[in-house]
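Taking it in order: structure first as structure tokens, then the write-up.
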Amino acid sequence: MRNHIVLASLFLAVCVSSCKKDEKTEPEKTSETKPADTKSGTETDKQPATPVEPATPEPKPETTTTAEATIAAASDSKVEGSVTFTMKGDSVSVHAKLSGLEPGDHGFHVHEKGDCSAPDAKSAGGHFNPHTVDHGGPEGDVHHAGDLGNITANEEGVAELTVDLPTSFLSLAPDADNNIVGRAVVVHGGVDDLKSQPSGAAGPRIGCGVIEIQKPE
Ligand code: CU
Ligand code: ZN
């Protein structure tokens with residue numbers, strides 16, 4: 001019995017001494033790794049400055065979306081032509097070419113409904129006004145999304161207009177509340193005074209065309 005106790009106490013003594021050594025070495029190891037952690041920490045702090053590099057290959061070719069309205073005569077006029085809308089990035093370029101107009105200014109708008117079936121084009125509804133604001137001119141602070149102002153015909157009755165508008169004005173994006181695709185471009189017999197409510201007192205609708213998206217070629 002005594003022998004067993006002695007052996008057991010010897011084992012304990014060995015174990016305690018070795019365990020103490022382990023305890024001593026372990027904290028040394030962690031104290032060594034701590035400065036290493038802070039070093040790697042500073043390295044990762046510096047790294048965010050370099051990820052700017054992937055930003056240079058990022059610029060992808062901006063997709064271009066095009067829509068067109070073929071303008072046909074309404075209210076017994078002789079108006080014809082086309083209006084194209086080209087969206088690239090956050091800009092929409094509007095290009096219109098019309099003929100058969102009386103010389104001078106003509107109200108020129110996007111109307112709510114893509115329906116030009118009525119002889120007087122009143123089937124196209126009112127001005128496209130998704131934000132429910134007052135009528136105005138395209139350069140004013142307040143205007144409908146459809147308020148493109150006036151288009152001016154020369155002595156030959158030909159009118160051409162090119163204007164770049166931000167996508168906050170009008171858009172061709174399917175998910176945008178001011179998307180004009182499927183609505184109508186209307187040309188008026190009179191001048192849009194850019195202030196009369198609700199539509200600028202621009203007179204009869206003499207041309208109308210539905211805005212249709214063009215498939216990429
Ligand atoms: Cu109009
Ligand atoms: Zn308007």
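Just so you know, these numbers come straight off a predicted model, no measurement behind them. As the structure lists them, so they are numbered: ligands from 1, and atoms in each ligand from 1.
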Going by atom type alone, with no hydrogens or angles, which donor-acceptor pairs under 3.5 Å involve a side-chain atom of residues 89-100 and a protein atom two or more places apart or on another chain?
from	atom 1	to	atom 2	distance (Å)
Ser93	OG	Asp164	OD1	3.0
His95	ND1	Thr162	OG1	2.7

Cut-off 3.5 Å, side chains only: do Asn179 and Ser171 have a donor facing an acceptor? no
Near the Cu ion (ligand 1), which protein N/O/S atoms fall under 2.8 Å? His109 ND1, His111 NE2, His188 NE2
Suppose you place the vertex at the Zn ion (ligand 2); what is the angle out to His144 ND1 and Asp147 OD1, to 10°? 110°
May I ask you to test the Leu194-Asn150 pair for a side-chain heavy-atom distance under 4.5 Å? yes
Would you say Arg205's side chain and Asp120's backbone share a donor-acceptor pair under 3.5 angstrom? no
If the Zn ion (ligand 2) is the vertex, what is the angle to ND1 of His127 and ND1 of His135, rounded to 10 degrees? 100°
Flag, side chain of Gln214 to backbone of Glu212, donor-acceptor distance under 3.5 Å: yes
Have His144 and Asp134 got a donor and an acceptor in their side chains that come within less than 3.5 Å? no
Exam field: side chain His109 to backbone His127, donor-acceptor pair closer than 3.5 Å: no
